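Everything below concerns the one structure shown next.
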Amino acid sequence: MASHLHHSAPVETESAVFAKVAALLLGILVAVLGFLALLMWADARQSRDTTTPANSTAAHGDATAHNVALPLNSFAGVVPENATELAAAHKPVDATLPSLTSGDLVKVHMTLKDMTVEIAPGVKYNTWAFDGHGAPGPVVHARQGQTVEMTLTNGGAIPHSIDFHAARIAPNQAFKDVAPGESFTFRFKAGDPGVFMYHCGTKPVLAHIANGMYGAIVVSPAKPLPPVDNEYVLVASEWYLNGDGIAEPASLDMAKARSMSPDWTTFNGYANQYVTHPLTANPGETTRFYVVAAGPTLDTNFHVVGGLLDRAWVNGDMTNPPQLGVQTVVVPAGGGGVFDVKIADEGLYPFVSHAFAHVDLGQVGLLKVGNPKGTMSH
Ligand SMILES: [Cu+2]
């Protein structure tokens, strides 16, 4: 525009003076705009420089290169540089359904411990754990009609309790708080078949479940389900961290737990463990998954990629016939489901929560059918 006015200047004297003034003003405007642009560029460069360190921490490990810190001070996907080796060295939680015991009474003794566990490669967390390997606690397996005798010994620092969803019992009696150092025994009849959650019910329950106090009890029906070749138990849960857990163990971030913004979501307490160490089946076999969503808050939308849930006992309801050939079933937080999957062809079949943020945060595993090429054999 300035050059147009400039060219037209010689035509008439008055308009030439006007044009020169206009050109001068426009020139100043261009200079001012240019200076402002320079300031904005410098500002943008500075803010990019200041965010780089956080992002580069998150970017370690090729599998998690796309993970960057979210505004809620997320530690999603933040793992140390040697995460791949750590994942390979991790001993996966055995997902195999434990066998039934004979007799009318199933005795279970759990000792609560405050213990630090890994929930992802190189990511440590201070749990309040039910027994043995941290979270989830051990799988309890009973036959419908058996009586479960539960003894809880509190080896932790604060009161805890245990609430079995499989039990019809007065909670103020059976699920009462047990003081540190004390033991408490109660019995209940496993009268309803299904797969149920158990958890600490001490207030605030959100904190006790988020700290790893949960597990699964399978009550097999008196009239057995159709026989299958493999039976696995998956307890889905999410973790809310107040730090990345790498240099020192993380603890619970209650604000994140309340806002339902997990850093990691897992099957059996450790992100992606069955991707690195797949569950196995042979071609033509049927695999039964007992799935509990422990939460504390989020559901799990169970789905097997490349397969269908041939028989789905939705909500673990075994008094009605299963649904047949369904794609995805919601396992609600505090609920369970039983799913039979028959796979004919060799391959790697991911099982996921199809609410895909869960997959991104670690709630995914593989069912390795046969021995497909290019996979490790174990
Ligand atoms: Cu507790």
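Note that this is a predicted model, so its numbers are computed, not measured. As the structure lists them, so they are numbered: ligands from 1, and atoms in each ligand from 1.
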Q | Under-4.0 Å salt bridge between D310 and K342 | A | no

- Hey, is CD on E248 packed in by over 12 heavy atoms from elsewhere, all under 6.0 Å? no

Short side-chain to backbone donor-acceptor contact, T127 and M115, under 3.5 Å: yes

Surrounding CG of N172 (heavy atoms of other residues, nucleotides or ligands, distance under 6.0 Å), is the total greater than 12? yes

Ignoring waters, protein N/O/S atoms under 2.8 Å from the Cu ion (ligand 1) are H160 ND1, C200 SG, H208 ND1, M213 SD

Residues at least two apart in sequence or cross-chain that pass ring-ring contact (aromatic ring centres under 6.0 Å, His included) with Y214, listed by chain then number, are none

Before accepting this row, confirm whether a basic side-chain N of the pair R168/D192 lies closer than 4.0 Å to the acidic partner's carboxylate O.
-> yes

